[in-house]
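Computed from a prediction, not measured in an experiment: that's the story for all the values here. By convention here, the first residue in the shown sequence is residue 1. Note: hydrogens, waters and symmetry copies are ignored here, and every other heavy atom, side chains too, is used.
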Amino acid sequence: MISARLLRRPPQAYRPLFAHRPFRRLLPAVAISDLGDGMSMVAVAWLAVQISPPGAGGPLIGAAVAAYILPGAIGALLLGRWLRSLPAQRLIHANAWTRAFFLGCIPLAWALGILHPALYLTLLAGSSLLHAWGGSAKYALAAQVLPAEQHLAANALLSTSTCASTIVGPALAGVLAAAIAPAWIIGLDALSFAALALQSARLGEPDTPAPAGPAPDTRPGEGLRLLRARPELLGLLAVTWLFNLFYGPVEVALPLFVAQDLHAGAGALGLYWAAFGIGAVTGTWPSALCETCRCGRSCCASSPVTAWPCCPSDSTHQQCFPSGVSPWAV
């Protein structure tokens with residue numbers, strides 16, 4: 001049976017990973033920081049609701065979500081000249097301390113009564129500047145410290161941590177929001193990245209040094225030439241771009257739906273995001289079970305399952321949610 005196969009596989013596939021000390025030390029710290037980011041899915045938007053001027057909740061939520069994400073993309077494009085040559089361990093370390101510092105300033109400013117929207121957006125933007133580099137560096141470090149035959153299992157574990165955080169993190173944030181302000185939940189996220197920074201400094205030298213290879217081709221326009229030579233990559237990039245374009249309004253509409261239409265609190269928002277995470281993780285099952293399926297067919301099979309949680313009941317903000325479902329139809 002498939003379930004029996006899945007139960008037998010994980011120990012056989014994943015047990016060798018923990019024989020490597022750097023990966024064994026890295027994984028728990030990454031999981032904790034992923035959980036912190038999952039909690040911030042609720043806390044960032046809900047704090048924007050609380051500090052926004054009357055009638056400005058929607059624009060401030062949108063600006064907060066953009067400030068929490070967009071600088072990471074800009075940093076990935078503009079900082080490559082200086083960061084591309086840095087070791088993966090140092091990138092993880094730099095990103096973790098950057099997020100810990102800027103996110104940690106948010107509860108401090110809240111406690112001092114000086115957390116105004118402009119300062120809030122500035123701190124969120126600063127926290128995300130190196131996030132793309134740090135996120136990719138954890139996969140690069142796994143590839144560096146593990147032999148090639150264990151890369152797939154390691155990537156699966158790291159991705160599972162991210163997926164699980166989209167379920168556990170929002171649910172936990174919803175529970176904590178009944179007792180503490182969302183600014184303090186963001187402070188917990190800062191502590192999680194401080195733990196990652198401290199642990200990344202203790203990784204030591206890799207047990208399995210990466211073999212020397214040819215230097216990557218960094219000529220200008222090389223990426224565009226690669227996309228022209230591989231049209232399927234260009235198509236995947238276009239679909240991914242469309243998905244994020246149409247999905248973006250959901251992150252603004254959902255907090256407004258909970259606050260203004262349901263008149264509920266952060267706990268309800270956490271449950272909605274946890275349900276969304278369950279749908280997203282469930283949507284990956286077809287591709288995990290159908291090993292012989294083509295990637296495109298697996299994506300098509302999982303898309304309706306993943307999109308289903310984007311369909312709430314009738315509300316004044318419901319017109320925003322079809323935009324979140326439409327990219328899966330693409």
Side-chain angles (χ1 to χ4, degrees), residues 10 14-15 17-18 20-47 68-69 72 88-108 123-124 126-146 153-177 179-204 266 270 273-274 276-278 280-281:
Y14 300 140
R15 192 181 300 121
L17 300 176
F18 297 96
H20 301 271
R21 184 179 58 183
F23 187 82
R24 188 171 64 245
R25 289 180 173 179
L26 175 68
L27 184 61
V30 168
I32 292 173
S33 65
D34 285 341
L35 179 63
D37 273 348
M39 292 192 296
S40 288
M41 289 178 63
V42 174
V44 167
W46 203 254
L47 184 55
Y68 195 56
I69 298 173
Q89 181 177 343
R90 190 177 300 179
L91 288 173
I92 294 173
H93 192 74
N95 170 63
W97 276 127
T98 300
R99 286 181 78 77
F101 173 76
F102 283 101
L103 293 178
C105 289
I106 292 176
L108 178 61
L123 293 174
L124 288 176
S127 73
S128 67
L129 186 61
L130 300 179
H131 197 42
W133 289 97
S136 60
K138 63 184 180 182
Y139 293 97
L141 183 61
Q144 179 183 355
V145 302
L146 297 171
N155 290 346
L157 269 183
L158 293 172
S159 298
T160 298
S161 172
T162 302
C163 292
S165 71
T166 64
I167 301 174
V168 180
L172 180 59
V175 173
L176 292 175
I180 60 177
W184 298 114
I185 298 177
I186 296 176
L188 293 177
D189 189 12
L191 288 178
S192 74
F193 276 95
L196 175 59
L198 293 174
Q199 188 69 349
S200 66
R202 299 178 59 246
L203 294 181
W273 277 126
F276 183 89
I278 292 172
V281 173

Nearest heavy atoms of K138 and L26, plus distance in Å: O-CD2, 4.4 Å
- line: Hits for side-chain contact (heavy atoms from CB on, under 4.5 Å) against L27, two or more places apart or cross-chain, chain-then-number order -> F18, F23, L157, L158
field: Separation between CZ of F102 and OG of S128, rounded to the nearest 0.5 Å
entry: 9.5 Å
statement: In short, A154 meets A142 closest at the heavy-atom pair CB-CB, 4.2 Å
CA sep, side-chain torsions, deciding dist, call: M39, D189, side-chain contact (heavy atoms from CB on, under 4.5 Å): CA-CA 7 Å; M39 292 192 296; D189 189 12; 5.5 Å; no
- request: Determine the minimum heavy-atom distance between S192 and S33, stating which atoms define it.
  value: OG-CA, 3.5 Å
Euclidean distance, H131 NE2 relative to I69 CD1, rounded to 0.5 Å: 9.0 Å
- prompt: Under the salt bridge (charged side-chain N to carboxylate O under 4.0 Å, His left out) rule, what pairs show up with a residue in residues 165-175, not counting sequence neighbours?
  reply: none
message: If I take atom CD1 from residue I92 and atom CH2 from residue W97, how far apart are they, to the nearest 0.5 angstrom?
response: 14.5 Å
query: Which is it for I180 and I185 under the side-chain contact (heavy atoms from CB on, under 4.5 Å) test, yes or no, and what are the steps along the way?
result: CA-CA 7 Å; I180 60 177; I185 298 177; 3.8 Å; yes
message: As an exercise, state the distance from CZ of R21 to CZ of R202, rounded to the nearest 0.5 Å.
response: 9.5 Å
- prompt: Does the side chain of D37 reach to within under 4.5 Å of the side chain of R99, using non-hydrogen atoms?
  reply: yes
statement: Smallest heavy-atom separation, P22 atom then V145 atom, equals CB-CG1, 4.0 Å
- line: Value for OG (S40) from OH (Y68), rounded to nearest 0.5 Å, stands at 4.0 Å
message: Assess the residue pair I106 and L47 against the criterion (side-chain contact (heavy atoms from CB on, under 4.5 Å)); give the C-alpha distance rounded to whole Å, side-chain angles, the decisive distance to 0.1 Å, and a yes or no.
response: CA-CA 10 Å; I106 292 176; L47 184 55; 3.8 Å; yes
query: Can you tell me if Q89 uses its side chain to pair, donor with acceptor, with the backbone of L141 under 3.5 Å?
result: no
- request: Walk me through it: do L91 and L130 pass the test side-chain contact (heavy atoms from CB on, under 4.5 Å)?
  value: CA-CA 8 Å; L91 288 173; L130 300 179; over 6 Å; no
message: Name the residue from L191, L123, L124 that meets the side chain to side chain contact (heavy atoms under 4.5 Å, CB included) definition with L103.
response: L124
Per-pair distances, 0.1 Å, donor-acceptor, side chain in residues 163-173, under 3.5 Å, sequence neighbours excluded:
{"residue": "S165", "atom": "OG", "partner": "D34", "partner atom": "O", "Å": "3.4"}
{"residue": "S165", "atom": "OG", "partner": "T162", "partner atom": "O", "Å": "2.6"}
{"residue": "T166", "atom": "OG1", "partner": "C163", "partner atom": "O", "Å": "2.5"}

- line: Between A140 and A88 the two heavy atoms that sit nearest each other are CB-CB, 4.0 Å
statement: All heavy atoms of P107 vs all of A183, minimum pair found to be CB-O, 3.5 Å
